[in-house]
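These values consider heavy atoms only, across backbone and side chains, with no hydrogens, waters or symmetry-generated copies. All figures in this text were calculated on a predicted structure; none of them were measured in a lab.
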Amino acid sequence: MIKRSLAAVSLIAALLAGTLTGCAGSAEDPNTITYWASNQGKSAEQDMEVLHDELAQFTAQTGIEVNVEVIGWSDLLNRILGAATSGVGPDVVNLGNTWAASLQATGAFVPFDDRLMQRFGGRERFLDSSMSSTGMAGQVPTSLPLYGLSYGVFYNKELFAEAGLAPPRNWDEFLAASKRLTDPARNRWGLTIAGASYTENAHFAFMFARWEGVDLITANGPEFDSPGAVSAVQRYLHLMSTQKVVSPGDAEEGNTSSAAEDFTDGNAAMLIAQNSVIPTLQDNGMSEDAYGVVRLPAPDPLPPGGTPALSHVAGSNVAVFADSPKREQALELVEFLTSKDVQASLNKEYGTLPVVNDAYDDPAFHTEEDEVFSDVLANYSEPAPMIPTEAHFETTVGSAMRDLFAEIATGRQVTTDDVRAALADAEQKMRGTGS
């Protein structure tokens, strides 16, 4: 077991919420490793079915058995931090890539230096964008990309055709189409959002801030109440407040899957979501030919200094615990999961995108929709702040926006000063975490 530095232990303690326990490892059986997999599909049961078939191939090839547990996103980070604290946990783990820097700072994971990366085909085999979310800039990554995601705009083809509208290409066209397709009397809205989701809110704050040419996290720490940051957050809030193209009821939508129901039911003409929502749309009864996908339309021209960040680099990574007594077997599993054929197979099952270039030889990832999402992931995505306290960035900014949406939904006018004050308060909370 490696020794944690006092700073690393303090960081874990700061991130950890409540008393946590790791799971027992598999040190007693040299031919069995433990793998904590993130819940990528509709349910843990579906994930187990998908992974069972893939991991059976791994066992047949290597003789290594895999004890797999699928863990929901609401529990996964705390479970990982608990294992990092105790030194008792799995050998291999999936993690949200926005957590990469937070978990890297614990010192609990195997670093993928240049020499080790050759085992996986070299850094250049992976998408540059996905590799940018594997740890802090300038440091050796401690996780590798596994599943790729990005944002796009889903639009209802029938509603657009009835209105004589083409898919929007820039922000002005996006607003114009949203207004044209909004009819509150019929409970139809131009757009649906998950206004109660602090994570979704934080993602849009980040992207829209980049459009404004500002960083929410700077060398001096968080700067949430700068004029550019305020404008970025207002752009999103205004969809409900001044533009009135989003239902006030969306202030209570807690996740994208919930918001997607309004889209599939025809109560909203557009939905901004990641490609992982596609199985949900189809499960809700929406056929593939009923919707189209375009890139998130940015302002044209962008504000001075702005960059066209149409998504944060989204997705999941895979990491190996440095304390694992079976590091070699664990690395074999990572090698398997990031191989060309398994990348193609798993990402087809989950509606996600491969994170290795050679997997795109599979024609399944060249549908019209996937072409949009893969282009955004590769060329128009920027990594979320790769800082140890990234989770606090999401909770502070995202929760402030959630509360502002709730006020807008009651009919209260939320002013620029209100937004600035809410973001200033979020910044103070963020600075209180030691960032």
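- Side-chain contact of Glu382 with Thr307: a donor-acceptor pair under 3.5 Å is present, judged by distance alone.
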Intermediate values then yes/no, side chain to side chain donor-acceptor pair (under 3.5 Å), Asp47 and Tyr350: CA-CA 9 Å; Asp47 284 327; Tyr350 290 134; 2.9 Å; yes
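- The closest donor-acceptor contact from the side chain of Asn97 to the backbone of Pro145 lies at 3.5 Å or more, if one exists at all.
- Of the possible donor and acceptor atoms, one in the side chain of Thr59 sits under 3.5 Å from a partner among the backbone N and O of Leu55.
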Candidate pair Gln40 and Ser316, rule side chain to side chain donor-acceptor pair (under 3.5 Å), full reasoning: CA-CA 9 Å; Gln40 297 293 140; Ser316 301; 3.0 Å; yes
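- The side-chain heavy atoms of Asn31 and Ile64, taken from C-beta on, include no pair separated by under 4.5 Å.
- A distance-only check finds a donor-acceptor pair linking the side chain of Asn201 to the backbone of Gly195 [under 3.5 Å].
- Using a 4.5 Å heavy-atom threshold, the side chains of Pro167 and Val294 count as touching.
- A distance-only check finds no donor-acceptor pair linking the side chain of Ser399 to the backbone of Thr396 [under 3.5 Å].
- The CG atom of Leu310 sits 12.0 Å away from the CZ atom of Arg210 when rounded to the nearest 0.5 Å.
- Nearest heavy-atom pair, Leu302 versus Pro308, reported as atom, atom and distance to 0.1 Å: CD1-N, 3.6 Å.
- Expressed to the nearest 0.5 Å, how far CG of Leu353 lies from OG of Ser276 amounts to 9.5 Å.
- Distance alone, capped at 3.5 Å, places no donor-acceptor pair between the Ser258 side chain and the Gly254 backbone.
- By the 6.0 Å contact criterion, CG on Asp53 is enclosed, its count of non-hydrogen atoms from other residues, nucleotides or ligands being greater than 12.
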Trace of the side chain to side chain donor-acceptor pair (under 3.5 Å) decision for Thr62 with Glu332: CA-CA 8 Å; Thr62 65; Glu332 285 191 55; 4.8 Å; no
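- Between the CZ atom in Phe206 and the NE2 atom in His312 there is a gap of 8.0 Å [rounded to 0.5 Å].
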Intermediate values then yes/no, ring pair (Phe, Tyr, Trp, His ring centres under 6.0 Å), Phe109 and Phe321: CA-CA 4 Å; Phe109 300 94; Phe321 272 89; 4.6 Å; yes
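- Residue Glu212 forms a side-chain contact (heavy atoms from CB on, under 4.5 Å) with just one option from Pro227, Pro303, Ser226, and that option is Pro303.
- Screening residues 365-379 for salt bridge (Lys or Arg N to Asp or Glu O under 4.0 Å) gives Arg295-Asp375 as the qualifying pairs, with residues at least two apart or on separate chains.
- Residues Arg123 and Asp114 have side chains not in contact (no heavy-atom distance under 4.5 Å, counting atoms from C-beta outward).
- Side-chain contact of Ser287 with Asp289: a donor-acceptor pair under 3.5 Å is present, judged by distance alone.
- In this structure, the side chains of Tyr360 and Gln343 stay at 4.5 Å or more apart for every pair of heavy atoms.
- Taken to the nearest 0.5 Å, the OG atom of Ser381 stands 10.0 Å off from the CG atom of Leu149.
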Verdict with supporting geometry, Thr142 and Leu103, side chain to side chain contact (heavy atoms under 4.5 Å, CB included): CA-CA 8 Å; Thr142 53; Leu103 295 175; 6.0 Å; no
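- Salt-bridge annotation for Arg125 and Glu335: absent, with no side-chain N of the basic residue lying under 4.0 Å from a carboxylate O of the acidic one.
- With hydrogens and angles disregarded, a donor-acceptor distance shorter than 3.5 Å links the side chain of Ser132 to the backbone of Ser129.
- For Ala378, there are no side chain to side chain contact (heavy atoms under 4.5 Å, CB included) partners, not counting sequence neighbours.
- Taking CD of Glu427 as the start and CD1 of Ile217 as the end, the distance is 8.5 Å to the nearest 0.5 Å.
- Between Ala100 and Asn317, the shortest heavy-atom contact is CB-ND2, 4.1 Å.
- Between Arg420 and Asp225, the shortest heavy-atom contact is O-CB, 3.9 Å.
- Closest non-hydrogen pair, Arg169 versus Pro297, comes out as C-CB, 3.9 Å.
- Formation of a donor-acceptor pair under 3.5 Å by the Thr32 side chain with backbone atoms of Val66 is not found in this model.
- Counting only residues at least two apart or in different chains, salt bridge (Lys or Arg N to Asp or Glu O under 4.0 Å) contacts with residues 275-284 comprise Lys42-Asp283.
- Within the 3.5 Å criterion, the main-chain N or O of Ser257 finds a donor-acceptor partner in the side chain of Asn255.
- The neighbour count for Glu288 CD, taken as heavy atoms of other residues, nucleotides or ligands under 6.0 Å away, does not exceed 12.
- In this structure, the side chains of Leu216 and Phe224 come closer than 4.5 Å at one or more pairs of heavy atoms.
- In this structure, Phe58 and Phe336 have tilted ring planes: the angle between them lies in the 30° to 60° band.
- Other residues, nucleotides and ligands contribute only 12 or fewer heavy atoms inside 6.0 Å of the CG atom of Asp128.
- Annotation: cation-pi pair Arg79/Trp36 present, NZ/CZ under 6.0 Å from the ring centroid and within 45° of its normal.
- For the pair Met48 and Val68, the minimum side-chain heavy-atom distance is below 4.5 Å.
- Between the side chain of Gln104 and the backbone N or O of Val140, at least one donor-acceptor pair lies under 3.5 Å.
- Within a 6.0 Å radius of CD in Glu252, no more than 12 heavy atoms belonging to other residues, nucleotides or ligands are found.
- Using a 3.5 Å distance cut-off with no hydrogens or angles, the side chains of Thr352 and Asn347 do pair a donor with an acceptor.
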Derivation of the side chain to side chain donor-acceptor pair (under 3.5 Å) call for Glu200 and Tyr151: CA-CA 11 Å; Glu200 289 288 301; Tyr151 276 102; 2.9 Å; yes
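- Leu404 and Ala422 make their closest contact through CD1-CB, 4.0 Å (heavy atoms, listed as atom of the first residue, atom of the second, distance).
- Two rings, from Phe154 and Phe373, have their centers less than 6.0 Å apart.
- Side chains of Ser150 and Asn275 form a contact here, defined as non-hydrogen atoms less than 4.5 Å apart.
- A heavy-atom distance below 4.5 Å is found between the side chains of Pro299 and Trp211.
- Although no hydrogens or angles enter the test, the distance criterion places a donor-acceptor pair under 3.5 Å between the side chain of Asp362 and the main chain of Ala364.
- At a cut-off of 3.5 Å, with distance as the only test, no side-chain donor of Thr199 or Glu394 sits close to an acceptor on the other residue.
- The distance from the CG atom of Asp215 to the CG atom of Asn220 is 11.5 Å, given to the nearest 0.5 Å.
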Ring pair (Phe, Tyr, Trp, His ring centres under 6.0 Å) between Phe120 and Phe112, intermediate numbers included: CA-CA 10 Å; Phe120 305 95; Phe112 290 92; 5.7 Å; yes
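- The number of heavy-atom neighbours closer than 6.0 Å to NE2 of His52, taken from other residues, nucleotides and ligands shown, is 12 or below.
- Looking at every heavy atom in both residues, Leu127 comes nearest to Asn357 through CD2-OD1, 3.2 Å.
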